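Everything numeric in this text was worked out from a predicted model, so none of it was measured.
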Amino acid sequence: GTSAALIAYFFHPWSPLFAILGLMFLLTRHLSGTQPRNIKSRFFLNEYLVAFFLGVMGVVAIKVGVKLGLPYFKTYFEIDSSLEIYRSSASMKLVLLILLLAVTDLVAGKAGSEWTLHPASLRRCFLIFLAPLVVFPEIFSRISMFYFAAEMIYLVWASGHQDTRVKVSAVLVFWAYGIAFNALNILLNRGWKEILIYG
């Protein structure tokens, strides 16, 4: 855990944040499981609610950073390359990610996990955390790497699961990224959409 976060730091200074968020989701899920079902605090000890709250706090932190003129925040706040020929809009990405997660969750069903933090729960947490950041297109695109990292963890777990439904969900996730809009935009130019629709 700690050593992996330190190694990740040398690849990108924001990498340890992925580990910190993952640990927060893990701790919240663990604390929630220790609470009696009739305790109201159990509602607030929900990893998905915590993920959304952290996402909103992220939006606030970025706005404050931009107001203060902090270089790192200001640079990515002012960039929006979503109109480039090889990019899809942040809102389009979010909608597609939500659809993919919803479909693959339905396919996988309520599968158990021997892992401390259920990989299916982890990917939901990171997508919920990511959602509020869609108001900042470039920052959203960069922070979405956290979700894709959680998605990779899910793929490792699901592909080795004993339940066939879970394995099928892994195949669907892998296949979906193989035909992702951004990949097609890079390979075929954005004109592929017009060709598909109008011939």
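- Distance CH2/W157 to CD1/I153: 12.5 Å, rounded to 0.5 Å.
- In this structure, a donor-acceptor pair under 3.5 Å is absent between the side chains of T104 and Y154.
- Hydrophobic clustering (ILVMFWY, side-chain heavy atoms < 4.5 Å, transitive): Y147 and V135 are in one cluster.
- In this structure, the side chain of R123 does not engage the main chain of A150 through any donor-acceptor pair within 3.5 Å.
- No more than 12 heavy-atom neighbours from other residues, nucleotides or ligands sit within 6.0 angstrom of CE on M24.
- Residues L99 make up the rest of the hydrophobic cluster containing V95, defined by ILVMFWY side-chain heavy atoms closer than 4.5 Å, directly or through other members.
- Aromatic ring pairs are classed by plane angle as parallel below 30°, tilted from 30° to 60° and perpendicular above 60°; the pair F126 and F146 is perpendicular.
- For F148, the ring-ring contact (aromatic ring centres under 6.0 Å, His included) partners are Y177, not counting sequence neighbours.
- Scored by the side-chain contact (heavy atoms from CB on, under 4.5 Å) test, F52 finds V56, I128, P132 as partners (sequence neighbours excluded).
- When the side-chain contact (heavy atoms from CB on, under 4.5 Å) test is applied to L23, the partners found at least two apart in sequence or on another chain are L26.
- Evaluation of the salt bridge (charged side-chain N to carboxylate O under 4.0 Å, His left out) rule for D163 yields no partner, not counting sequence neighbours.
- Partners of V171 under the side-chain contact (heavy atoms from CB on, under 4.5 Å) rule, at least two apart in sequence or in another chain, do not exist in this structure.
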